[in-house]
Amino acid sequence: MIPPNPKKPKPIPLKTYQSDDVLRLSQALLGKCLISTIGGVLTGGMITETEAYRGPEDRGSHAYNNRRTKRNEVMFHRGGISYVYRCYGIHSLFNVVTNQPEIPHAILIRAIKPLWGLEAMYSRRKTDNLKKLTAGPGTLTQALEIDTLHNGLPLTGPLIWIEDRGVQFSEAEIVASPRVGIDYAGEDALLPWRFRIMETVRVE
DNA sequence: TATAAGATTTACT
DNA sequence: GTAAATCTTATAT
């Protein structure tokens, strides 16, 4: 895939994120490209795994029952901005805020396929293992240098954006399964709201 | 004010 | 397979 032009980002439009259907959007983000120019280096890759968090009625969400805190405040803003929070005191997790103002939906980006700025990502991750470069929600933020200070940023650039570069997957190519690490969410922990591209699907 | 637990990763046994 | 790293919020004193 040809590298994106940092001087002319082509982010997907804001209104895309303002959809009411966070499940559909979570699947639509698979194949899109997440790009960061933090630190003056373009790094990024193709989104391969997401999780949907559906605000008030989802026990797995930080915004369950419309719980509003300093940390999750941006979830209540309009769709199309980042929600970055610290997990287990160690990792920054990157989410896409979706839907209209006051409706706290979000999509956790769990993994990307590394494509651009590999050198910078290896260096930030302190590893030489391509498979482990951006394979989890905490590692991909480290590779892209996304931290909690990038909370609430618009996903139309210039620091962070998501581009459509023509890759799209059919439902048959997407695996839905229960979300990770939310055992406390009761029955909601069983909802198949984790979406991955099937391993057998190859991308050029 | 103190404690527990979490949308995780890594290094160790 | 287990433990450690250690920030933020919720709940209980």
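Numbered from 1 within each chain, the chains take letters A, B, ... in sequence-line order.
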Going through the distances and angles, do A/Thr48 and A/Arg196 end up as a side-chain hydrogen bond (donor to acceptor under 3.5 Å, both in side chains)?
CA-CA 6 Å; A/Thr48 56; A/Arg196 277 172 293 171; over 6 Å; no

Roughly, in whole Å, what's the span from CG in A/Asn65 to P in C/dT9?
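So the two atoms are 17 Å apart, to the nearest Å.
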
How many Å lie between CZ on A/Arg86 and P on C/dT6, as a whole number?
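Roughly 11 Å, once rounded to whole Å.
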
For A/Arg78, I'd like to know if atom CZ has over 12 heavy atoms of other residues, nucleotides or ligands within 6.0 Å.
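Open: at most 12 neighbouring heavy atoms sit under 6.0 Å from CZ of A/Arg78.
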
Does A/Arg86 have any side chain to side chain contact (heavy atoms under 4.5 Å, CB included) partners at least two apart in sequence or in another chain, and if so, which?
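So A/Arg86 forms a side chain to side chain contact (heavy atoms under 4.5 Å, CB included) with A/Ser92, A/Asp147, A/Thr148.
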
Which dot-bracket notation, 5' to 3', represents the base pairing of DNA chain B when pairs are defined as Watson-Crick or G-U with both distances under 3.5 Å, crossing pairs as [ ], and inter-strand pairs as |?
||||||.|||||.

Side chain to side chain donor-acceptor pair (under 3.5 Å) with A/Arg124: which of A/Thr139, A/Thr141, A/Thr43?
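In the set A/Thr139, A/Thr141, A/Thr43, the residue that makes a side chain to side chain donor-acceptor pair (under 3.5 Å) with A/Arg124 is A/Thr43.
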
Classify every nucleotide of nucleotides 8-13 of chain B by which part a protein heavy atom approaches to under 4.0 Å, writing B for the base, S for the sugar-phosphate alone and - for neither, in 5'-to-3' order.
BSS---

Charged N-O contact under 4.0 Å between A/Arg54 and A/Asp188
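Between A/Asp188 and A/Arg54 there is no salt bridge, as every charged N stays at least 4.0 Å from the carboxylate O atoms.
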
Using a strict cut-off of less than 4.0 Å between a Lys/Arg side-chain nitrogen and an Asp/Glu carboxylate oxygen, indicate whether A/Lys32 and A/Glu163 qualify as a salt bridge.
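Judged by the 4.0 Å cut-off on N to carboxylate O distance, A/Lys32 and A/Glu163 do not form a salt bridge.
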
Please examine the side chains of A/Met121 and A/Leu144, heavy atoms only from C-beta on, and report whether any two atoms are closer than 4.5 Å.
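Heavy-atom side-chain distance check passes, below 4.5 Å.
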
Would A/Tyr83 and A/His62 satisfy side-chain hydrogen bond (donor to acceptor under 3.5 Å, both in side chains), going step by step from the backbone distance to the final call?
CA-CA 11 Å; A/Tyr83 170 40; A/His62 291 164; 2.8 Å; yes

Hey, does the side chain of A/Arg67 come within less than 4.0 Å of C/dT9's phosphate (OP1/OP2), counting only N and O?
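Looking at the OP1 and OP2 atoms of C/dT9, neither is under 4.0 Å from any side-chain N or O of A/Arg67.
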
